[in-house]
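Since the structure comes first, as C-alpha cells, the remarks are kept for the end.
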Amino acid sequence: MSSIGEEREGLQDRQTAKLSRLIESLADANSFFSPRLAQAGLLKGAAFSLDAFRRLTPTTKQELLADQEAAPPYGTNLTFPIAHYTRLHQTSGTKGKPLRWLDTAESWQWMLDCWRQIFEKIGVQKGDRLFFPFSFGPFLGFWTAFEAAGQLGCLCLAAGGMSSAARLHMLLDNRAQVMLCTPTYALHLAQTAAECKIPIEGVLQKIVVAGEPGGSIPATRRWIESAWGARLFDHSGMTEIGPMTFECLEHPGGLHVLEDDYFVEIVDPETLEAGAPGALGELLVTNLGRIGSPLLRYRTGDLVRAATSPCACGSPFIRLEGGILGRTDDMVAIRGNNFFPSALENVLRRFSEVLEYRVRVDRTSPLAELQIEIECVPEQHGEEIAGRIAAVIRDELYFRADVKLAAVGSLPRFEMKARRIMVDS
Ligand SMILES: [Zn+2]
C-alpha cells in the first residue's frame, strides 16, 4: 500500500497534467482567459509551468459580472461557440446582480461525476431513496446532485413547490433514507414535524446539507442530527465553480476538496500570497473539468484553514478544518471586535427553544450595536432564554447584544441562502 505522501505526489502529477491540458484548450479559444494567460506567459504549445500558473492574476466575481455587463448576456468566458451549450444556471444574487453561467453537456457531466465521487465517499449507493425538499430553479443548487444520483441508480424524489407538512408526508410515504437541503431547511422541517406531531427521529439515515455554512457549525449540526436521528454530511459548492467538497465518514466537521477535479490554493486575502500551512486564508479555486466555462484561480471569498495532519479516512485530499469558516465579506465589526456570523449562529443554535432569529447591526450610532430578535417555541419562557443568550454572547464573543423576543411566525423562513444578518450603516 502506498503512503499518503506518495498518493499526494501522484495526485499533484495528475493535477499538473490536467492544468496543462486546460490551458492548452483555453489559450486561443476562450476570449476571457486568453489575454490573462498570455500575460502570465502561458501560451498554446509551450511547456506548462506551475510557477507561471501561480502568477496568473486571480479572477474575481466583480470581473465576471462586469464582463457579462459589457458583453451581454453571457460575457466572454466561453470556450466554444454558443450552440455547444445546453444548460444555463445563475447565482442566487444574494449580494447584487446574479451571474449567469452556461455549461456544455461535457462540463455538466463532469459536475455529475464530482457528485458521483461525493456519494461514494458518504456511502450513498444504488437503490437508495433520496429526498430533495428544494424548489428547483435557475440556481444550480441540487440539480447536479439530483441527476448524478439518478445516474448512480438512486430513486430521486423532487419535493419542490409544496408546503413543509406536505413534504414531510412525502418523505415518510416514500421511505426516503437520504435528504439533501440547506441546513436551515433541515431545521425548519424538523420544527414543522414537531408542531404537526409527525415523528421523524430515525426515519432518515443521512442528511446532506449545502448552500450555507451551518453544516460545519457545531451547534447547528448537533441540533439537526439530534432532531432527525441521522448523520449529517456537510458539502460546499458554487454555481460558477461546481460541487467541490465532501465530508468523510471518519472526520465530521471538515470538508475534503475533490482535488482530482479542483486545484485549490489558500492565500492571504490582502496580499494574495500563499500562507503558512494551516493558516486561515481565502480559497482560490481552479476547476479542471468545466472546460466550456472554466474558472482559473477564482477568488471564492471563502475563508478556510487546511488541516495539517493526515485524515483518519486515509484520503490524500486536502481537508478544510471546520468547513468554510467565514466569508471575506461578511465579517462584522462591533466596537473594535470582529466576528463572523457563524460564531453567533453557533451560540444561538445551542438553544433548541429558538426557532428562528434575525440580527441587526446598527452602525448609525457612533458605537455599533447588535440587536438580535429570537422566536421561541410557544410554551417556553422566552424572556428568560433571551437573557441567557445575551449572557453567553457577552461571555464568549465579548460584546453586548440586545436580545429581544419576536412573535412566533413573525421572522422570515428560508429554503435557500438564509439572510439573517442586516447591517445598517
Ligand atoms: Zn477524511
Side-chain angles (χ1 to χ4, degrees), residues 1-15 18 111 113-125 128 144-145 148-149 152 177-180 183 186 204-222 224-225 230-238 241-266 275-281 283-289 300 302-326 342 346:
M1 223 175 99
S2 59
S3 70
I4 290 255
E6 284 163 358
E7 282 193 51
R8 264 213 82 78
E9 266 177 40
L11 172 64
Q12 280 156 356
D13 289 346
R14 293 195 298 277
Q15 284 185 325
K18 285 181 184 178
M111 289 199 282
D113 291 339
C114 290
W115 264 109
R116 182 183 43 72
Q117 294 179 64
I118 295 166
F119 285 140
E120 197 176 294
K121 303 286 185 191
I122 65 174
V124 170
Q125 48 199 350
D128 284 348
T144 45
L152 188 63
Q177 298 137 323
V178 183
M179 177 166 79
L180 294 93
L204 293 167
Q205 292 162 7
K206 301 180 174 86
I207 301 175
V208 183
V209 297
E212 297 163 359
S216 287
I217 297 174
T220 306
R221 263 188 97 87
R222 279 199 297 275
I224 296 172
E225 290 193 320
R231 164 75 194 264
L232 181 144
F233 291 91
D234 197 11
H235 162 73
S236 69
M238 294 173 97
I241 287 281
M244 206 170 79
T245 60
F246 67 92
E247 180 182 304
C248 63
L249 288 161
E250 290 82 353
H251 196 99
L255 288 171
H256 284 290
V257 176
L258 295 168
E259 284 186 281
D260 266 305
D261 295 284
Y262 298 90
F263 178 75
V264 295
E265 300 160 80
I266 298 173
L280 183 74
L283 191 67
L284 289 192
V285 178
T286 301
N287 48 12
L288 302 170
T300 59
D302 288 335
L303 292 170
V304 297
R305 194 191 295 283
T308 47
S309 55
C311 190
C313 73
S315 170
F317 293 158
I318 189 173
R319 192 180 73 237
L320 309 175
E321 206 60 275
I324 312 291
L325 299 170
S342 55
N346 196 28

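Atoms within a ligand are numbered from 1 in the order they appear, just like the ligands themselves.
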Discussion item. Set out, in order, the CA-CA distance, both residues' side-chain angles and the distance that settles side chain to side chain contact (heavy atoms under 4.5 Å, CB included) for Met244 and Leu283, then state yes or no.
Written reply: CA-CA 12 Å; Met244 206 170 79; Leu283 191 67; 3.5 Å; yes
Discussion item. Applying salt bridge (Lys or Arg N to Asp or Glu O under 4.0 Å), can you list everything that pairs with Glu225, at least two apart in sequence or on another chain?
Written reply: Arg221
Worksheet item: Would Asp261 and Gln117 satisfy side chain to side chain donor-acceptor pair (under 3.5 Å), going step by step from the backbone distance to the final call?
Response: CA-CA 10 Å; Asp261 295 284; Gln117 294 179 64; 2.8 Å; yes
Item to complete: Would you name the heavy atoms of Gly322 and Ser216 that are closest together and state the gap between them?
Response: O-CB, 3.2 Å
Solution key, residues 304-312 side-chain donor-acceptor pairs under 3.5 Å, sequence neighbours excluded:
from, atom 1, to, atom 2, distance (Å)
Arg305, NH1, Gly278, O, 3.4

Fill in: Number of protein N/O/S atoms that sit closer than 2.8 Å to the Zn ion (ligand 1)
4
Worksheet, complete the sentence: Contacts of Lys121 meeting side chain to side chain contact (heavy atoms under 4.5 Å, CB included) (sequence neighbours excluded), chain-then-number -> Phe246
